[in-house]
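Sequential numbering from 1 along the given sequence is applied to the chain's residues.
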Amino acid sequence: MANPASYRPQTGEIPTNPGVYRFRDPHGRVIYVGKAKNLRSRLNSYFANPAGLLPKTYAMVHTASSVEWTVVGSELESLQLEYTWIKEFKPRFNVMFRDDKSYPYLAVTMGEKYPRVQVLRGERRKGTRYFGPYTAGAIRDTMDTLLRVFPVRSCSPGVLKRAEASGRPCLLGYIDKCAAPCVGRISAEDHRALAEDFCAFMGGEAKRFVSRLEKDMAAAVAELDYERAARVRDDIVALKKVFERNAVVLAEDTDADVFALYEDELEAAVQVFHVRGGRIRGQRGWVVEKVEDSTTPDLVEHLLQQVYGEEAGSQGRLPREVLVPAEPSNAAELAQWLSGLRGARVDVRVPQRGDKAALLSTVRDNAEHALKLHKSRRAGDLTMRSQALQELQEALDLPVALLRIECFDISHVQGTNVVGSMVVVEDGLPKKSDYRKFSVTGEAANDDTAAMHDVLTRRFRNYLQEQAEKTDPGSSPLAAAQAAAVADAPLEDTTTPAPRTKFAYPPNLVVVDGGKPQVNAAARALAELGIDDVYVVGLAKRLEEVWLPDSDFPVILPRASAGLYLLQRIRDEAHRFAITFHRQKRGKAMTASALDGVPGLGESKRKALLNQFGSVKSIRAASIEELTAAKGIGPALAGAIVRHFSDDSGPDGLVAPAINMTTGEILET
């Protein structure tokens, strides 16, 4: 771990202006982003007495190797820049509020000829009316119930076109959940009026429609049309069911998001109720690890930044009020920023009494239950992961924490279709976005050790090349162009993410599937590249021994060791990933065609020939003049095809059919 004194800036070098600062690790990764009203005062607090910092902050300053800062003109600018950098770099020591879904909305596409009702997430579309947000289950139930009363089109454009072409509606048209404008059961104007009624009901005019249906039911009863009266009665029940599903909790003109926190020393749970028209339309929740020394106002500020920052450019989704448990840091600047995103004023405040304060208390109770449930479910998992990483570090006598582990495996069948896999584990959990696969050819495919050496060399050679390009952008035309584009970009373009590299930063530990030969091959690859800060071990399948480079005896971990279980899971995941890629490659290689050996005949021209002649047999019987009738086939290529078949004939002039070597299926006749 780095000594903070080794990179501490001189006090006089740090400005006293407001600004944003970044801590970087030895590999140049941004591990923490923060803002301050006074940069000098804030940064000095990290270095004055590192031993007195909280554990997470202590780990951050000892993981970092440099700090840099950017002076801004106001606290609002620092708020915007801090969010931009957190979104771009995703620093590991910043609080990150994440859930697994975006807002689901009930949308009506009024801009189409036949408006469509559907569930949408993500960016808003022009000409579409949105209602919500809802929870995923509630929105489907609401939509299904309302289509009984307002049978607006809900099918996709493809289904609509097929119905128009065939003159027959889809299933929803037959069960009376669509008015079927596609086949003329209702005019486009009447269908649009039906969609307008749907929007009016969702907009809060439910009582008007219920009253109208009750009058229709009374009229049907007066006419002794009891069947129609029963249908209208069922429609009334359906509308009341939707209308009463969400109880009124605030005044009917209230649009607000109500946030609450429940936290302990290590984690914090967040719950938010989305209130629209005085009713709770949706609920979301997060549980985050407190990886920095944050007060409740700081957590509230980061929460609002990240939740509403994703809504930038989508005006209308932010409510008029944001109710929070504590006034956030920089409350005035935060409210100004949110107002700019919404396009209208947004009030951020703490309710003190009344219905809003009571609702906030309810949301807090939900957050408390969510944190308790999270801890009960994850306690064993968190404990085992931490124990496994610690045991592994101690057993291998490694001086660094195992924040990132990469495991490599080679897969083939008797030396054919050789492939390699790389899987990544960070903090004991798989990081599938960083998985990579390799095709191994040439001399490297001769044996497992050569293949392992080739894969490790390619992985870390790319890393060294990317590091060189960062140090000297002129060394690569692509890197130079990217650097020039960033330098010329205006301030408002700072949200553009950095170009994605082939590989992420290097691991602390490389695990290879195999014993001493594979480990030595991997270590030799790293040594040839001059990399001496990445440790290598191998896990042999026979007795699950852990091998170290240049060691005559393996390390034997106890069978019940959490560290051994972790290595086995990583090794099995690398094996699974390699086998999957190998099967894909082998399947392609085993599909043979009689046209494969024709020089200059690619996939598109092969398809053109088959479309023209229908089968390989007809192609074989065709003359050069007939072959040139196919698209893209010239006289020279036609002559090559004729020569190929004249040389490829089997006994008695028979040509072997194209088959799939795996299944035996005849592909072409």
S.K.: Quick one, Thr109 and Gln118 - any side-chain contact, counting heavy atoms below 4.5 Å?
M.R.: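 They are in contact (side-chain heavy atoms under 4.5 Å apart), so the answer is yes.
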S.K.: Work out which heavy atom in Leu147 is nearest to a heavy atom in Ser154; give both atom names and the distance.
M.R.: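 Taking Leu147 first and Ser154 second, the nearest heavy atoms are CD1-OG, 3.9 Å.
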S.K.: Taking all atoms of both residues into account, what is the closest heavy-atom pair of Gly515 and Gln518, and its distance?
M.R.: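 Shortest heavy-atom contact: N-OE1, 3.1 Å.
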S.K.: Looking at Asp513 and Arg571, would you say the former's side chain and the latter's main chain have a donor-acceptor pair under 3.5 Å?
M.R.: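 No; judged by distance alone, with no hydrogens or angles, the pair does not exist.
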S.K.: Report the relative orientation of the aromatic rings in Phe198 and Phe150; use parallel for angles under 30°, tilted for 30 to 60°, perpendicular for over 60°.
M.R.: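 The rings of Phe198 and Phe150 stand perpendicular, inter-plane angle above 60°.
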S.K.: Could you go through Leu396 and Leu509, starting from their C-alpha distance and side-chain angles, then the distance that decides it, and tell me whether this counts as side chain to side chain contact (heavy atoms under 4.5 Å, CB included)?
M.R.: CA-CA 10 Å; Leu396 301 177; Leu509 178 68; 4.2 Å; yes
S.K.: Between Tyr535 and Val400, is any pair of side-chain heavy atoms under 4.5 Å apart?
M.R.: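 Sidechains of Val400 and Tyr535: in contact.
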S.K.: Which heavy atom in Ala451 sits nearest to a heavy atom in Val440, and how many Å separate them?
M.R.: CB-CG1, 4.0 Å
S.K.: Going by heavy atoms in the side chains, are Val152 and His191 under 4.5 Å from each other?
M.R.: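 Sidechains of His191 and Val152: in contact.
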S.K.: What residues, two or more places apart in sequence or in another chain, satisfy side chain to side chain donor-acceptor pair (under 3.5 Å) together with Arg192?
M.R.: none
S.K.: Quick one: does Leu106's side chain get under 4.5 Å of Met143's, heavy atoms only?
M.R.: yes
S.K.: For the pair Ser421 (side chain) and Ala574 (backbone), establish whether a donor and an acceptor sit closer than 3.5 Å, ignoring hydrogens and angles.
M.R.: yes
S.K.: Would Glu196 and Met110 satisfy side chain to side chain contact (heavy atoms under 4.5 Å, CB included), going step by step from the backbone distance to the final call?
M.R.: CA-CA 8 Å; Glu196 292 285 359; Met110 299 302 295; 3.3 Å; yes
S.K.: Distance check, rounded to the nearest 0.5 Å: Arg29 atom CZ versus Phe89 atom CZ?
M.R.: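 Spacing of CZ (Arg29) from CZ (Phe89) equals 13.5 Å.
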S.K.: Heavy atoms, side chains only, cut-off 4.5 Å: are Tyr435 and Pro430 in contact?
M.R.: yes
S.K.: Between Arg153 (side chain only) and Tyr114 (backbone N and O only), is there a donor and an acceptor less than 3.5 Å apart?
M.R.: yes
S.K.: List for me each residue that meets side-chain contact (heavy atoms from CB on, under 4.5 Å) alongside Asp533, sequence neighbours excluded, and say none if there are none.
M.R.: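 Listed in chain order: His27, Ile531.
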S.K.: Please find the pair of heavy atoms, one from Pro169 and one from Cys182, that lie closest to each other, and give the distance.
M.R.: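 The answer is CA-SG, 4.4 Å.
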S.K.: Indicate the ring-plane relationship of Phe438 and Phe408, choosing parallel, tilted or perpendicular according to the 30° and 60° boundaries.
M.R.: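 Correct class here is tilted.
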S.K.: For the CD1 atom of Ile641 and the OG atom of Ser623, what is their distance to the nearest 0.5 Å?
M.R.: 11.5 Å
S.K.: So, Arg461 and Glu528, do they make that salt bridge, N to O below 4.0 Å?
M.R.: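 Judged by the 4.0 Å cut-off on N to carboxylate O distance, Arg461 and Glu528 do not form a salt bridge.
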S.K.: Side chain to side chain contact (heavy atoms under 4.5 Å, CB included) between Leu557 and Leu567: does it pass, once the steps are laid out?
M.R.: CA-CA 10 Å; Leu557 297 178; Leu567 285 180; 4.3 Å; yes
S.K.: I would like to know whether Lys431 and Glu406 meet salt bridge (Lys or Arg N to Asp or Glu O under 4.0 Å); could you show each step before the answer?
M.R.: CA-CA 10 Å; Lys431 188 178 182 183; Glu406 293 180 359; over 6 Å; no
S.K.: Enter the distance from Ile633:CD1 to Lys631:NZ here, rounded to the nearest 0.5 Å.
M.R.: 11.5 Å
S.K.: Given 3.5 Å as the limit, does a donor-acceptor pair link the side chain of Arg116 with the main chain of Cys155, or not?
M.R.: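 Answer holds: yes.
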S.K.: Heavy-atom count around Arg576 CZ within 6.0 Å, excluding the residue itself: above 12?
M.R.: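 Counting other residues, nucleotides and ligands, CZ of Arg576 exceeds 12 neighbours.
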S.K.: Got a donor-acceptor contact below 3.5 angstrom from the Asp454 side chain to the Ala450 backbone?
M.R.: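 Side chain of Asp454 to backbone of Ala450, a donor-acceptor pair under 3.5 Å: no, none is there.
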S.K.: What pairs with Asn520 under side-chain contact (heavy atoms from CB on, under 4.5 Å), at least two apart in sequence or on another chain?
M.R.: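 For Asn520, the residues satisfying side-chain contact (heavy atoms from CB on, under 4.5 Å) (neighbours in sequence not counted) are Lys516, Pro549, Asp550.
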S.K.: How about Pro181 and Ile186: do any of their side-chain heavy atoms sit closer than 4.5 Å?
M.R.: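 Yes, close enough: below the 4.5 Å cut-off.
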S.K.: Quick one: pull up CZ in Phe581 and OG in Ser439 and give me the separation to the nearest 0.5 Å.
M.R.: 3.5 Å
S.K.: Is any side-chain heavy atom of Leu564 closer than 4.5 Å to a side-chain heavy atom of Leu539?
M.R.: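 Yes; the side chains approach each other to less than 4.5 Å.
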S.K.: Hey, could you give me the CG/NZ distance between Leu609 and Lys607, rounded to the nearest 0.5 Å?
M.R.: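 The distance works out to 13.0 Å.
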S.K.: Check the pair Ile619 / Leu627 against side chain to side chain contact (heavy atoms under 4.5 Å, CB included), numbers first and verdict last.
M.R.: CA-CA 7 Å; Ile619 296 173; Leu627 290 172; 4.0 Å; yes
S.K.: Considering all heavy atoms of both residues, which atom of Leu194 and which atom of Ala179 are nearest to each other, and what is their separation?
M.R.: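 Between these two residues, the closest heavy atoms are CD2-CB, 4.2 Å.
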S.K.: Flag the pair Arg436 / Arg459 as yes when at least one side-chain heavy-atom distance between them is below 4.5 Å, and no otherwise.
M.R.: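 They are not in side-chain contact.
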S.K.: Would you compute the distance between atom NE2 of His575 and atom CD1 of Ile410 and round it to the nearest 0.5 angstrom?
M.R.: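 It comes to 12.0 Å.
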S.K.: If you compare all heavy atoms of Pro507 against all heavy atoms of Val534, which two are closest, and at what distance to 0.1 Å?
M.R.: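 Where Pro507 meets Val534 most closely, the heavy atoms are O-CG2, 3.5 Å.
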